[in-house]
Visitor: 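Have a look at this one before I ask anything.
Numbering of ligands and ligand atoms starts at 1, following listing order. Nothing fancy with the numbering, it's 1 onward along the sequence. All values reported here derive from a predicted model rather than from experimental measurement.
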Amino acid sequence: MAMIEMKDVAKKYSNGTTALRNLSVNIRQGEFVYVVGPSGAGKSTFIKLMYREEKASKGKINVAGWDLIKVKNRDVPLLRREIGVVFQDYKLLPKKTVYENVAYAMQVIGKKPREIKRRVMEVLDLVGLKHKVRMFPSELSGGEQQRVAIARAIVNTPKVLIADEPTGNLDPENSWEIMNLLERINLQGTTVVMATHNSQIVNTLRHRVLAVENGRIVRDDHEGEYGYDD
Ligand code: ADP
Ligand code: ADP
């Protein structure tokens, strides 16, 4: 079954920039996929279409059984339960504690306090931050903040985890820790799509590689290489 399916997708921004052109791809349940390519190639746009942060100008997109062309704005929160997202700059809520940052994602979908408490502690244990539940993001290292962001992204057990340059602000040691986590999450059955400029990671921890250039997929290799010199 395809977890993410795009067919003849194009994206033209309102200022006239064409970011993606006639792009088609199939990603199956449980796959781990790297998205690589030069800056400005369209990687972020490609990823944003998957969680309906941007709308396609043309084509078909289906994610976790949702037709993203037809999905109504009011249903986007429902869709987002099935898709966890992690960003390069973490995007944690600065005035909330670690616990609250993670719990919030469950509160907004109306989960019961008892279930929230159990699940939040479970995912914070998974990312190794159970002992820092009362801290604020500003009191954590970059690597720890990204682990909180991952805990938040998976707390509602999404089918797909999307990560846009998740190690972009981290040193090699913390980057590998984040990769270990994404790897474990993937082994539990979650489909992972990760845009990255980290050639070390792509060339060491081998997975499918989609290379995007000038709004097109120019390479799609099983256990592929990073393939750029940057
Ligand atoms: P990448 O992630 O590979 O760096 P992007 O998807 O961010 O590429 O960008 C692809 C192209 O779309 C670039 O030319 C970029 O300038 C343009 N672009 C990205 N976001 C917007 C936007 N919100 N409005 C207009 N153009 C954009
Ligand atoms: P440094 O900080 O000197 O880059 P690291 O501990 O980050 O050292 O990694 C050293 C090498 O070991 C890396 O180049 C990488 O290839 C490999 N490595 C480290 N952690 C992992 C891991 N979790 N999985 C696979 N390879 C790893």
Visitor: Hey, is atom 16 (O) of ligand 1 under 4.0 Å from any protein heavy atom?
Guide: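 Within 4.0 Å of atom 16 (O) of ligand 1, no protein heavy atoms are found.
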Visitor: Answer yes or no for Gly42: is there a heavy-atom contact with ligand 1 below 4.0 Å?
Guide: yes
Visitor: Between Asp220 and Arg208, is the salt bridge (charged side-chain N to carboxylate O under 4.0 Å, His left out) condition met? List the steps.
Guide: CA-CA 7 Å; Asp220 180 357; Arg208 182 177 177 187; 2.9 Å; yes
Visitor: Kindly indicate whether atom 13 (C) of ligand 1 is approached by any protein heavy atom to under 4.0 angstrom.
Guide: yes
Visitor: Give me the nearest non-hydrogen protein atom to atom 18 (N) of ligand 1 as residue plus atom name, then the distance to 0.1 Å.
Guide: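 That would be Tyr13 CE1, 3.4 Å.
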Visitor: Would you mind running through ligand 1 and noting each atom that sits below 4.0 Å from a heavy atom of Thr17?
Guide: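 Here the atoms of ligand 1 in question are 12 (O), 14 (O), 17 (C), 26 (N).
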Visitor: Do Asn22 and Lys58 meet the criterion of a side-chain donor-acceptor pair at a distance under 3.5 Å?
Guide: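 There is such a pair (donor and acceptor under 3.5 Å, judged by atom type) between the side chains of Asn22 and Lys58.
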Visitor: Lys43 versus ligand 1: do any nitrogen or oxygen atoms come within less than 3.5 Å of each other?
Guide: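 N/O-N/O distance under 3.5 Å: yes.
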Visitor: List ligand 1 atoms under 4.0 Å from Pro38, heavy atoms only on the residue side.
Guide: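 Taking each heavy atom of Pro38 in turn, ligand 1 has 3 (O) under 4.0 Å.
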Visitor: Would you call Glu144-Arg147 a salt bridge at under 4.0 Å N-O?
Guide: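 No salt bridge links Glu144 with Arg147.
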Visitor: Which class fits the ring pair Phe32 and His207: parallel under 30°, tilted 30 to 60°, perpendicular over 60°?
Guide: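 Parallel: the ring planes of Phe32 and His207 meet at under 30°.
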Visitor: If you compare all heavy atoms of Ala103 against all heavy atoms of Ile116, which two are closest, and at what distance to 0.1 Å?
Guide: CB-CG2, 3.7 Å
Visitor: Please lay out, stage by stage, how Glu31 and Arg28 fare under the test salt bridge (charged side-chain N to carboxylate O under 4.0 Å, His left out).
Guide: CA-CA 6 Å; Glu31 277 197 273; Arg28 289 179 307 280; 3.8 Å; yes
Visitor: Show the atoms of ligand 1 that are less than 4.0 angstrom away from any heavy atom in Ala19.
Guide: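 Those qualifying, in numeric order: 10 (C), 11 (C), 12 (O).
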Visitor: Do Ala41 and ligand 1 have an N or O pair less than 3.5 Å apart?
Guide: yes
Visitor: Can you list the ligand 1 atoms lying under 4.0 Å from a non-hydrogen atom of Ser39?
Guide: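 Every atom of ligand 1 under 4.0 Å from some heavy atom of Ser39: 4 (O).
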Visitor: Flag Ser44 as yes when one of its N or O atoms lies below 3.5 Å from any N or O atom of ligand 1, and as no otherwise.
Guide: yes
